Amino acid sequence: MEKTSSLRCLAIIGLLTLLPISQAQIAIGPVETDPRALEKMARGELDKIDNSDRGMRDLTAVLQGLISSGCQYEARPGDAPVNMARIMERIQQAGTAIGPLIMAHKAYGETLIFVTRHGCTSDQVHRLEKTLFAAIMAPPPPPPPEPRLVEPTLQAQEIRKWWAYAWGVPNPGGRFEAVLGDAQVLLCHYHSPSNYSAITRIAWFDTPPATSNELRRLSRSHPIGELNGLRLEKCPRRIGDFDAARKQAG
């Protein structure tokens, strides 16, 4: 079995594993990762082939094309043995499968044309098969590192009367607004490459016009319901410093 391995064995194993295909795989569809995947395999360029889980769709499409062409893989002297069960296991781990869905992949049709042009027993197809099996069984590349989050730093600051800052925000109104009067607040706008838009922090610029206990009784829906007693004359350079000052102020 190791010396003369039939691609039809893979077809049988593949049909038995069609039922567990996930909804995620169906949603992704047979989109190609590398439009030159077949060309690279035909040239034996193993080091240039993407065998990640995403790239495995290309490899599976080529394998499906070889199966549909009726090719029988025959190991030649010096060829590494082929473990068909392990090949199918790796394909399944990547979230794809041999079956009708993969036939819509571009590499599937290209493989049929390639085999028709050269013939199943040709050196060209044999090299394609060897490179394909080696690519499937090679260790997949490690996942890319998590993007390093850059702490937001000060982009801009502005001073407004509290009600100007809260313009358009639902306001309960009443006695407490009279206490707040025209007290000014400091707006600190922070930004980093890790954030799509600026992050705004707010503190009192004037002396808080109410005690901390009164401020804590404000509903969170109030425009300044989270200021408490924090007062700043200028914005800290880093957002972490602002948050530390707010925590210290209670």
Side-chain angles (χ1 to χ4, degrees), residues 20-35 50-57 93-96 101 140-250:
I21 296 176
S22 67
Q23 292 294 328
Q25 178 195 345
I26 294 174
I28 292 173
V31 179
E32 62 184 349
T33 299
D34 181 358
D50 181 2
N51 73 330
S52 65
D53 286 356
R54 184 168 177 262
M56 195 61 63
R57 293 197 298 266
Q93 287 174 348
T96 185
L101 180 65
E146 293 289 333
R148 186 174 64 90
L149 297 179
V150 180
E151 183 181 22
T153 55
L154 187 64
Q155 183 182 48
Q157 68 177 36
E158 55 182 321
I159 300 168
R160 292 188 186 181
K161 295 179 180 178
W162 80 265
W163 49 263
Y165 154 72
W167 187 263
V169 178
N171 190 334
R175 183 192 62 82
F176 195 74
E177 275 56 49
V179 173
L180 296 179
D182 288 336
Q184 298 183 110
V185 292
L186 176 68
L187 303 178
C188 305
H189 306 292
Y190 295 92
H191 185 264
S192 81
S194 304
N195 295 280
Y196 180 76
S197 58
I199 301 173
T200 298
R201 295 284 194 265
I202 179 174
W204 290 109
F205 180 75
D206 294 334
T207 300
T211 67
S212 294
N213 287 335
E214 288 179 304
L215 292 170
R216 289 192 185 97
R217 286 199 296 269
L218 283 175
S219 166
R220 285 184 176 270
S221 63
H222 193 283
I224 58 169
E226 297 184 9
L227 261 68
N228 293 332
L230 176 60
R231 178 183 178 275
L232 296 172
E233 294 183 353
K234 64 179 181 179
C235 297
R237 189 179 67 83
R238 300 184 309 122
I239 197 170
D241 294 334
F242 187 104
D243 291 341
R246 181 167 61 181
K247 183 178 181 180
Q248 184 175 6

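Since this is a predicted model, take the numbers as computed values, not measurements.
Across all their heavy atoms, A249 and G229 have their closest contact at CB-C, 4.3 Å. Closest heavy-atom contact between D182 and K161: O-CG, 3.7 Å. Counting all heavy atoms, side chain and backbone alike, Q93 lies closest to D53 at O-OD2, 4.2 Å. Residues L232 and F242 approach most closely at CD1-CE1, 3.6 Å, considering heavy atoms. Scanning both residues, D241 and P236, for their nearest heavy atoms gives CB-CB, 3.7 Å. Between P152 and Y190, the shortest heavy-atom contact is CB-CB, 3.7 Å.
To the nearest 0.5 Å, the span separating CG on L187 from CZ on R160 amounts to 6.0 Å. To the nearest 0.5 Å, the span separating CG on L154 from CZ on R237 amounts to 9.0 Å. In this structure, CD1 in I239 is found 9.5 Å from SG in C188, a value given to the nearest 0.5 Å. Rounding to the nearest 0.5 Å gives a distance of 8.0 Å between CG of L230 and CZ of R246. Note: I202 CD1 to E158 CD = 10.0 Å, rounded to the nearest 0.5 Å.
Within the 3.5 Å criterion, the main-chain N or O of C235 finds a donor-acceptor partner in the side chain of Q157. Using modelled atom types, one side-chain atom of D206 and one backbone atom of Q184 make a donor-acceptor pair closer than 3.5 Å. Between the side chain of R231 and the backbone N or O of F205, at least one donor-acceptor pair lies under 3.5 Å. For E151 (side chain) and G240 (main-chain N/O), a donor-acceptor pair under 3.5 Å exists by modelled atom type. Although no hydrogens or angles enter the test, the distance criterion places no donor-acceptor pair under 3.5 Å between the side chain of T96 and the main chain of R57.
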